[in-house]
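What you see is a predicted model; the values in this text were computed from it and never measured. Order of the sequence lines sets the chain letters (A, B, ...), proteins ahead of strands, with each chain counted from 1. What's counted below: heavy atoms across the whole structure, side chains too, no hydrogens, waters or symmetry copies.
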Amino acid sequence: MSRSRQILRVARHELRLSIADRRLVAGVCLLMLVTGAGIVSGTRWVNHQRATISELEKDERSRKETIRQELNATPGQTQVSKAMPIDARSPAIVGGKLGSTYATLQPKRLAVLAIGQSDLLPFHFRVSTESFRTLIDQDEIANPAHLLSGRLDLGFAVIALYPLIILAISFDMPAAEKEAGTFGLLMSQPIRFSDLILGKVLSRFMVMTCCALAISTTVIVFGASDRGDASVWKDWSLWASFLILYGAFWFALAVAANLIGKSSASNALMLSGCWLTFVLIVPAILNLIAVSAFPMPSRITLIQAARQATIDASEEGSRSLSAFYEDHPELAEGSGGDVDEFMVRSLATRSAIDEKVRPLIERFDESLEQRQRFISRARYLSPALLAQDAIESIAGTGTSRHREFLAQTKDFHQKWQNFFVPRIARKAKFETRDLEAMPQFQFEEDRFALTFRHLLGPAIGLIVQFGIVLILIGRSIRDFRVVG
Amino acid sequence: MRIRRIATKEFVEMTRDGRFRWSCAILSTLTVLALAVGIKTYRDVDRLHREAQAEAREHWDHQGEKNPHAAAHYGLYLFEPKSSLSFFDRGVESYTGVTVFLEAHKQNDMKNRPARDGTSLQRFGEMTAAMVLQTLVPLVIVFLSFPMIAGEREQGTLRLLMSQGVRPFEIAAGKALGTVSALGVIILPAALFGAVSLWLPSNTTEVVNPGHIMALALCYLFYFMTFLAISMSVSAVGRSSSSVLVWLLGFWIFNVLMAPRISAEIANWAIPLPSAFEFEKAIEQDIAQGIDGHDPASERLEKLKRELLAKHQVETVEDLPVNFAGVVLKESEDYGNRVFDKHFGELWAKIERQDVLAQLISFVSPTMAVRSLSMAICRSDTADHLEFTRQAEAYRRELIGRLNQDLIENGADSGFNYAADDEMWKSMPLFRYRPESLADVLKNQVIAVISLSSWLVAALVCAIGMTSRIRVD
């Protein structure tokens, strides 16, 4: 009998045994349950994001409609709605709160796969002539305890639970046979030890991988928007490859422990120690190092600096005055002041302040960049970190896509300023054609290139880690004692 | 006597095990490291917040001559002080805003969540002493105690032991004692380090209250004992030591990994929070259209004017003995406050209900109970954050109220041209956060207290019951 057929035969026997044994069934059921919950939670979150974004769009449209009506009204008859006694002909007012637009980050097609950092990092910003630093400090409402504990999403199920289930079904592959006394009997048969192990591992690997793939395919069929799009399936194949690779690593680790360990209990101890190290301890220590070795200047220093700059700009009076008139435009005329004049002065102050705090913001970005560089090198220490990175990149809910979003928002904000600032400075009147020409934010996905570049590192890392464990297996398989 | 001998044997056996020594070394190092970083972070942030607060007030005091309402728009920043025990348990501190801008007309959100500048790694859990105690120590308890009885049975030594006339209870008690002393070796260095660093001289604002430390110690003692008793019970009934280990690991995973997430999902599903946009929109709507939707701002203004003119029996606002603009501001402030009370009140009530739900879930997971209690006692939980937010808002109202009052009373003739000076700004009260007392904190955590105590009692009863009826094979 050829070796491959023998391995397959072992696998077949193991499969029958596994079905009789409750452990594999329990493992599969648990996986189904948790991923099911993960799908529900991911879908709910994605739907919430989409609903919020469409609300924002609706709000923006209705505000634009108000401006249009104001602009079309004959001079004397302005103020369409009494609730909003504002002047839509002032570019400062339109570019400020009234005409502000939203920069939104639509969830990617496979966002259901992992909530990732998207519950913490805002997915929409209200862009106006306000300075960039104030417009990005908006946050989504959330219970902080939930941000702390994280969500029960598919990403969590794959990164933390999937390895545990793998380890639970494979920590005692020869050890259980040894303890039951059947191992000697088996080895007296014409079969190689390595083939036996391979067969055992193969059956379990097939079951788990098939389950995981079946589940993620279900997610796409039911969860993803426009599944007819070919790129969805391209992303899906990336996700599937990572799932297989990540699973393979943990299976290999289980085999290594089986070869090194003595009893099933000591295997279990060793493997749970590995899991703990990779999934909890290494990330926590790396985070600790990142935070202490690359300290960020606190946001509070930024607030202080901005405040100081405001005072230094010595335009404080006019700034607060203009803020005041923005709030009480109905009182502006009575005071005899020129609203446009205030707007110009306010604009000047604002840009003076921005100029002053710019070095500090650059230091911020630099520290953040340093931290990020450290993390992207350090993640190679744990397969869980690599998997998290890959999964969040595919789902589009990681930090890298959000940084891209921030960068694009910043560019867009600059465009917005370029559009409005000259008009405000000229004290020009805002007109209907200006309304049509106002810049509009559109997140440029630059999809596959981004994903591919981000996935290369994790893929190589996982393959190398898998290789290291294979070498370990190769070494210890020779020393494995069948008897004793 | 026999119990002590068993305990000694157990202790010596454990400490000679290489695995124990390793986990002991790793765990102690991690705890001390976490404490050291925690203390440094606390001191740095605390100093920064106090300095920033002083500077903000300095700016406020010396803003120069201006209209009180312009000063109200100039506003004041408040920085949430860090609780002194946050070096031990940072709780939700990374995920709540730390600054709030107090200004006229508007109750602002707390901004600048530190986690937004954090790394994606922080979502795996931050390394704090509390994390080590809540997550890793129970795991060590499981590792140490799973073979306690099942292992003896497997090796056939349980039969031998029983034949010597040792009672099952004595075996269990001795082994438990041995494990506890082994655990002590792990936790003691960290506890000593923590205690010493607490008394080290520092120029922080608040002194740690011994009551808080007692409560905290008691919580963790209850928690560890619960885990130990559960491990012993499972070890007494388990088929083999490996199956005992798998069951106990399953329990640990459920507690540490699953329960907090399940609780978050249930809470979000049962008590959904509005999106920031919805929330803001609703407030804007209510201020413009009136809380009941039939009382637009313009009509409110007209009504106020009519009433005021009638009250003082004059024809025009210029003839009023008070500053009309000031009265308008005060009215709109009061109206806004009603709207804020309604919306923020609803939002906070929802968050609090979500947290109560999390406490209820602790009846199936002792880790949830100790997590909630530990955060609450260290004042790094959501409740403390909301309390700060409430006090900050109360302070804002007092501040703005006083400024408006000054405008009404002293600016009658000059309208918005009236100006006050630095003396006025300096006379404004100072903000000082008064956290809730330990008794109040525990009152809010009553469900978690009951749940943790019931866990301990149930686990002990279970352990005594199971171990007194050990099967020999």
Side-chain angles (χ1 to χ4, degrees), chain A residues 37 41 52 55-56 82-83 117 120-121 137-152 156 160 164 168 172 264-265 268-269 272 276 279-280 283-288 290 292 296 298-300 303-304 307 311 317 320-321 323-324 327 331 335 368 371 375 385 388 398-399, chain B residues 37 48-49 52 55 59 66 69-70 73-74 77 79 92 95-97 99 105 111-113 115-117 119-127 135 139 143 147 241-242 245-246 249 253 257 260-262 264-265 267-268 273-277 279 288-289 296-298 351 354-355 358 382 385 416:
Chain A
S41 138
T52 305
E55 280 293 310
L56 297 178
K82 268 193 173 173
Q117 314 299 318
L120 176 66
L121 306 171
D137 73 5
Q138 303 158 355
D139 276 313
E140 193 47 79
I141 289 176
N143 185 332
H146 299 168
L147 294 177
L148 174 69
S149 56
R151 302 288 289 269
L152 191 72
F156 159 74
L164 273 172
D172 58 352
S264 51
L269 218 52
S272 44
L276 192 71
V279 178
L280 274 184
I285 290 182
L286 288 180
N287 187 46
L288 204 66
S292 344
M296 290 275 294
S298 167
R299 292 279 163 194
I300 287 172
I303 291 176
Q304 283 174 288
R307 198 69 162 164
I311 296 163
S320 38
L321 207 57
F324 166 78
D327 273 315
L331 297 166
S335 76
L368 210 55
R371 223 183 233 191
I375 297 291
L385 292 179
Q388 183 211 28
T399 39
Chain B
V37 173
L48 188 72
H49 281 216
E55 195 183 352
H59 288 164
K66 63 174 75 155
H69 192 62
H73 273 284
Y74 178 76
Y77 275 102
F79 304 94
V92 299
Y95 299 96
T96 53
T99 64
H105 311 302
K111 295 227 160 123
N112 294 297
R113 296 178 183 165
R116 266 184 62 183
D117 288 327
T119 70
S120 56
L121 301 187
Q122 71 193 345
R123 307 306 289 278
F124 282 90
E126 280 178 291
M127 181 65 80
T135 313
L139 195 64
F143 284 168
S241 54
S242 63
L245 182 58
V246 169
L249 283 178
I253 289 160
L257 290 181
R261 290 182 162 84
I262 292 175
E265 293 303 333
N268 274 332
L273 301 179
S275 72
F277 169 74
F279 184 71
Q289 305 296 331
S298 49
I351 292 178
Q354 286 190 339
D355 287 348
T382 315
H385 174 70
F416 271 107

Colleague: Between A:Ser41 and chain B, with a heavy-atom cut-off of 4.5 Å, which part of the residue counts as in contact: side chain, backbone, both or neither?
Modeller: both

Colleague: Quick check on B:Gln122 against chain A: is it the side chain, the backbone, both or neither that has a heavy atom closer than 4.5 Å?
Modeller: both

Colleague: Is B:Leu249 close to chain A through its backbone or its side chain, or both, or neither, when contacts mean heavy atoms under 4.5 Å?
Modeller: side chain

Colleague: Relative to chain B, which segment of A:Leu286 carries a heavy atom at a distance below 4.5 Å: side chain, backbone, both, or neither?
Modeller: both

Colleague: Between chain B and each of A:Leu164, A:Asp137, A:Thr52, count heavy-atom pairs under 4.5 Å; write down the option with the most.
Modeller: A:Asp137

Colleague: Could you look at A:Ser292 and say if it's the side chain, the backbone, both or neither that has a heavy atom under 4.5 Å from chain B?
Modeller: side chain

Colleague: Between B:Leu139, B:Asp355, B:Val246, which residue shows the highest count of heavy-atom pairs closer than 4.5 Å to chain A?
Modeller: B:Asp355

Colleague: Rounded to the nearest 0.5 Å, how far apart are CG of A:Leu147 and CG of A:Leu120?
Modeller: 6.0 Å

Colleague: Counting only heavy atoms closer than 4.5 Å, note whether B:Ser120 contacts chain A via side chain, backbone, both or neither.
Modeller: both

Colleague: Examine distances only and state if a side-chain atom of A:Glu55 and a backbone atom of B:Phe277 form a donor-acceptor pair shorter than 3.5 Å.
Modeller: no

Colleague: Tell me, for A:Ile375 versus chain B, whether the close heavy atoms (under 4.5 Å) come from the side chain, the backbone, both or neither.
Modeller: side chain

Colleague: Is the cationic atom of B:Arg261 (NZ for Lys, CZ for Arg) positioned less than 6.0 Å from the six-membered ring centroid of A:Phe156 and within 45 degrees of its normal?
Modeller: yes

Colleague: Which of the residues B:Ala276, B:Gly97, B:Ala358 is involved in the greatest number of heavy-atom pairs with chain A at under 4.5 angstrom?
Modeller: B:Ala276

Colleague: Checking A:Ala145 against chain B: side chain, backbone, both or neither under 4.5 Å from a heavy atom?
Modeller: both

Colleague: Count the heavy-atom pairs under 4.5 Å between each of A:Leu269, A:Leu276, A:Thr399 and chain B, then report the option with the highest count.
Modeller: A:Leu269

Colleague: Using the six-membered ring wherever Trp is involved, compare the ring planes of B:His69 and B:His73 and label them parallel, tilted or perpendicular (cut-offs 30° and 60°).
Modeller: perpendicular

Colleague: Within the side chain of B:Gln354, is there an N or O that forms a donor-acceptor pair under 3.5 Å with the backbone of A:Asn143?
Modeller: no

Colleague: State, yes or no, whether a side-chain contact exists between A:Gln304 and B:Tyr77 at a heavy-atom distance under 4.5 Å.
Modeller: no

Colleague: Below 4.5 Å, heavy atoms only, C-beta onward: do A:Glu140 and A:Leu121 meet side chain to side chain?
Modeller: no

Colleague: Give, as side chain, backbone, both or neither, the part of A:Gln138 having an atom under 4.5 angstrom from any heavy atom of chain B.
Modeller: backbone

Colleague: At a heavy-atom separation under 4.5 Å, does A:Leu368 approach chain B through its side chain, its backbone, both, or neither?
Modeller: side chain

Colleague: Are A:Asp139 and B:Arg113 within salt-bridge range, i.e. N to O under 4.0 Å?
Modeller: yes

Colleague: Do you know which of A:Ser264, A:Gly150, A:Ala160 has the most heavy-atom pairs under 4.5 Å to chain B?
Modeller: A:Gly150

Colleague: Quick one: pull up NE2 in A:His146 and CG in A:Leu152 and give me the separation to the nearest 0.5 Å.
Modeller: 12.5 Å

Colleague: Validate the cation-pi geometry between B:Arg116 and B:Tyr95: distance from NZ or CZ to the six-membered ring centre under 6.0 Å, angle to the ring axis within 45°.
Modeller: no

Colleague: Based on non-hydrogen pairs under 4.5 Å, which of B:Ile262, B:Leu257, B:Thr135, B:Thr96 is most in contact with chain A?
Modeller: B:Leu257

Colleague: To the closest 0.5 Å, what do you measure between CG (A:Leu280) and CE (B:Met127)?
Modeller: 8.5 Å

Colleague: Between chain B and each of A:Leu56, A:Ile303, A:Leu385, A:Ile285, count heavy-atom pairs under 4.5 Å; write down the option with the most.
Modeller: A:Ile303

Colleague: Which one wins on heavy-atom pair count under 4.5 Å against chain B: A:Ala37, A:Ala265, A:Ala142?
Modeller: A:Ala265

Colleague: Tell me, for A:Arg371 versus chain B, whether the close heavy atoms (under 4.5 Å) come from the side chain, the backbone, both or neither.
Modeller: side chain

Colleague: Working note: B:Leu273 + B:Ile351, criterion side chain to side chain contact (heavy atoms under 4.5 Å, CB included); need CA distance, chi angles, decisive distance, verdict.
Modeller: CA-CA 8 Å; B:Leu273 301 179; B:Ile351 292 178; 4.0 Å; yes

